[in-house]
Amino acid sequence: MYRDLEHRLAQRIAEFLRSRYPDASLPSVVIEQPPKVELGDFAIPLFPFAKPLRTAPLKIAEAICAGIGSIEGIAEMQVAPPGYLNVKIDRASMAVALSADQKPPAEVPAGKILVEHTSINPNKAAHIGHLRNAILGDTFVRLLRYEDREVDVQNYIDNTGVQVADVVVGFTQIEKKSRAEIEALTRQPRFDYYCWDLYARVSQWYAQDKNNLQARRETLHAIEDASSDTAAIAELISTAVLRRHLETMDRLDIEYDFLPRESEILHLNFWDAAFAKLKEAGVLTYENEGKNKGCWIMRRAGTTSKASTTENAEDTEEPEKISEEDQKVIVRSNGTVGYVGKDIAYHMWKFGLLGRDFNYRKFYRYPNQHECWISAMQGEKDHPHFGNVAEIYNVIDARQSEAQNTVIEALRGLGHNEAADHYTHFSYEMVALTPRCAAELGYTLSEEDKARSYIEVSGRKGFGVKADDLLDRLIASAKNEVDSRHPQLTDAERLSIATQIAIGALRYFMLKFTKQSVIAFDFKEALSFEGETGPYAQYAVVRATSIFKKAEIDLESFCRDVARNVSAESFTKFLAGNNADEFWELWQASAKTSYIVDQCIATTEPAYLAKHAFQLAQLFSAFYHRHPILSEPDEKRKRFLLATVAVVRREMIRTLAVMGITVPPLM
RNA sequence: GGGCGCGUAGCUCAAUUGGAUAGAGCACCGGAUUUCUAAUCCGGUGGUUGCAGGUUCAAGUCCUGCCGCGCCUACCA
């Protein structure tokens with residue numbers, strides 16, 4: 001609604017200026033929000049137009065104001081020094097539309113979108129860093145689905161890499177466990193915790209004696225032979241840990257559609273297909289000398305050749321030499337392909353550019369019956385179609401941006417500029433621990449670490465907060481509160497509420513920071529249920545609902561009735577006039593949800609959504625406190641206040657739902 | 001050394017991507033409920049936006065140079 005109106009306004013102003021000044025080349029019309037509600041709903045700064053039009057900004061504003069005529073949905077325009085045009089929405093008609101939950105028709109762009117997130121190495125328990133990834137990714141998926149885009153969610157599983165090999169080494173070399181014993185262990189409830197500790201021990205074992213690293217090399221090699229016992233053990237472990245990850249994420253209501261695995265990328269020869277194309281296009285070059293002698297290399301992303309900056313028309317004869325430090329090894333001198341190479345092949349598949357496909361089988365069925373598929377050597381005959389998408393988003397932390405850019409450059413080198421342009425590295429910063437938090441967890445810190453503002457989590461060292469532990473703590477903490485507030489409920493009911501609160505707190509916490517900010521994790525902040533938190537927003541919804549409950553008004557029929565029978569006049573009475581701004585603020589904020597969703601998608605920044613949820617809740621809480629509704633004697637005014645609550649409540653629930661947060665029946 | 005990013009209130013973070021008086025939460029101080037739930041609300045204290053220049057009608061935001069911090073920079077993934 002709001003988004004639509006803003007768009008129309010910008011268009012009309014641009015048209016007006018074009019017709020008034022046909023010869024001038026004009027900058028685009030920027031619309032922003034005035035600092036205070038009294039000033040209006042939209043503000044157009046006219047300073048950028050002063051020079052091209054050779055007219056003072058104020059004069060331009062006056063000209064628009066006087067000449068533009070009426071615009072549907074806009075009530076009035078005002079000129080504001082030193083050069084703004086402030087625009088007010090026709091409040092009553094906007095309120096009528098909002099009450100009826102009208103949505104202007106929007107055309108949904110064609111083409112499927114693939115979002116890849118989570119992608120945890122299946123060799124240990126998920127930790128808070130992985131939670132940030134999964135929550136950002138899942139929220140982005142929900143944002144896209146809110147706009148009716150078709151989305152596939154993929155979780156890439158690196159089941160043949162060093163990290164899995166290390167845990168295999170732990171079981172076979174350190175613990176001397178047999179395959180049967182390991183199989184029994186995988187059936188333990190939290191097998192991933194066992195691996196967490198073991199993985200840390202393996203790292204220590206390597207550090208003790210460099211010769212121990214030989215075991216890693218041998219294991220890594222053995223895993224590649226799918227028929228070996230070692231490969232079977234690796235498969236056993238990685239599959240069991242993967243299952244645990246899916247369970248952990250399911251606690252947060254995060255689901256996947258497809259799990260492509262590195263083992264299939266390897267054994268279905270994706271790389272061979274990609275390698276041939278990359279060689280043919282000259283993206284990869286064979287290195288004859290230096291430290292990378294015998295490797296197939298690519299130019300490292302972000303580095304530029306000296307020659308290409310000048311206008312060298314056609315120098316394809318002589319592929320220019322990449323300096324050693326700008327070389328990225330894709331295929332090692334022993335012929336094995338590295339991670340980036342496999343990623344290039346995988347991304348060619350994503351865009352349908354590889355000419356090969358996975359085989360698929362069912363892997364995990366969610367309690368809601370949703371089916372999650374996995375790549376396999378022998379697949380099922382009937383399966384959904386994955387890959388071959390128009391657009392991709394990879395939720396991967398900022399440390400991997402160079403690798404991501406290398407993949408994009410490879411696609412460009414192959415001539416797939418269209419694909420490269422629709423490849424978005426959804427980059428975010430890591431979650432680290434505050435020194436206080438680390439100490440709390442029982443780690444001894446060096447003096448140097450104590451002085452830092454945060455310390456990086458390390459799976460290798462077993463240093464971090466496990467996702468399930470954090471969730472358990474959040475639930476326990478919320479349960480304490482619910483127990484004392486609602487002793488009349490059954491234990492199961494209280495647990496269910498506490499769980500919703502815990503998830504609300506966690507998801508909000510991970511989303512309130514902008515992506516590029518490192519989260520210095522601290523239990524005190526993460527466990528907080530007050531102030532700018534998920535529970536604050538949930539609580540606002542609960543209060544809104546309880547008004548209707550107490551009055552024994554059925555919310556749905558009330559909304560239906562308002563939508564059908566309300567007139568603009570009945571709203572005007574309360575939304576116009578001098579003291580109406582405090583009410584209008586609620587309606588205006590409620591109107592913005594789609595606008596905010598747009599913004600989140602365009603900037604790949606879900607934090608704006610969290611801000612929106614908080615703003616709605618804050619406005620509502622103040623309103624709730626100031627205006628007793630049920631005791632309101634004026635029936636018409638009471639009805640207006642209820643209509644206000646109903647709309648704000650609806651938008652809060654919607655916004656929270658996009659963040660993956662549900663609202664408990666009471667708190 | 002090179003690449004990417006960060007530096008804003010005591011602490012943790014925002015700032016509609018260059019716009020009007022830099023805003024929230026926490027902490028601290030003082031207040032509010034016989035009322036629809038106090039996981040709430042209202043008020044107060046708190047700022048030379050790391051430093052120095054520059055561009056612009058307008059700079060926390062862009063450019064240059066410093067200072068400090070983090071990450072990346074393996075024939076690991």
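Convention: sequence-line order gives letters A, B, ...; per-chain numbering from 1. Being a predicted model, the structure only gives us computed values, none of them experimental.
- Residue A:Phe47 is classed as a base contact, given a heavy-atom separation below 4.0 Å to a base.
- B:G25 and B:C41 are spaced 8 Å apart, taking the P atom of each and rounding to whole Å.
- Residue A:Gln163 is classed as having no contact, given no heavy-atom separation below 4.0 Å to the nucleic acid.
- Nucleic acid contact for A:Pro57: none, since no nucleic acid atom lies under 4.0 Å from a heavy atom of the residue.
- For B:A20, the base is stacked against the aromatic ring of A:Tyr84, per a cut-off of 5.5 Å between centres and 30° between planes.
- Two rings, from A:Phe42 and A:Tyr2, have their centers less than 6.0 Å apart.
- Base pairing analysis places B:G47 opposite nothing; no Watson-Crick or G-U wobble pair with both distances below 3.5 Å involves it.
- Within the cation-pi definition used here (under 6.0 Å to the ring centroid, within 45° of the axis), A:Arg473 qualifies as a partner of A:Phe523.
- Here the side chain of A:Val482 is nearest to one of B:A20, B:A39, B:A38, namely B:A39.
- Of the nucleotides present, B:U73 is the one that pairs with B:G1 by Watson-Crick or G-U wobble criteria, both distances under 3.5 Å.
- A straight line from NZ of A:Lys611 to C1' of B:U16 spans 13 Å, rounded to a whole angstrom.
- Here A:Tyr346 and A:Phe270 keep their ring centres 6.0 angstrom or further from each other.
- Ring pair A:Tyr84/A:Phe47 is perpendicular by interplanar angle, where above 60° counts as perpendicular and below 30° as parallel.
- Salt-bridge formation is not detected for the pair A:Glu38/A:Lys88: no Lys NZ or Arg NE/NH1/NH2 atom is positioned less than 4.0 Å from an Asp or Glu carboxylate oxygen.
- Between the CG atom of A:Asn405 and the P atom of B:C71 there is a distance of 20 Å, rounded to whole Å.
- Side chain A:Ser401 to base B:C4: no donor-acceptor pair is found below 3.5 Å.
- Pairing of B:C6, defined by two Watson-Crick or G-U wobble distances under 3.5 Å, is identified with B:G68.
- When the P atom of B:C69 is taken as reference, atom OH of A:Tyr454 falls 12 Å away, rounded to whole Å.
- No contact: A:Ala607 has no heavy atom under 4.0 Å from any strand.
- Atom C1' of B:G50 sits at a distance of 38 Å from the matching atom of B:G31, rounded to the whole Å.
- Atom name C1', nucleotides B:C13 and B:G47: the rounded distance is 15 Å, in whole Å.
- Summarising the geometry, the separation between CD on A:Glu32 and P on B:A15 is reported as 15 Å, rounded to the nearest angstrom.
- Computed from coordinates, the A:Glu525 CD to B:C26 P distance equals 11 Å when rounded to whole Å.
- At a threshold of 4.0 angstrom between heavy atoms, the contacts of A:Val518 are confined to the sugar-phosphate backbone, with no base atom among them.
- Its glycosidic angle being within 90° of 0, B:U17 falls on the syn side.
- Judged by distance alone, with hydrogens and angles left aside, A:Asn86 brings a side-chain donor or acceptor within reach of the base of B:A20, the pair sitting under 3.5 Å.
- Scanning atom types as modelled, one donor and one acceptor separated by under 3.5 angstrom connect the side chain of A:Tyr608 and the base of B:U17.
- Candidate nucleotides B:G25, B:C36, B:A77 were compared by shortest atom distance to the side chain of A:Glu532, and B:G25 ranks first.
- Using a cut-off of 4.0 Å between Lys/Arg side-chain N and Asp/Glu carboxylate O, A:Lys524 and A:Asp522 are scored as not salt-bridged.
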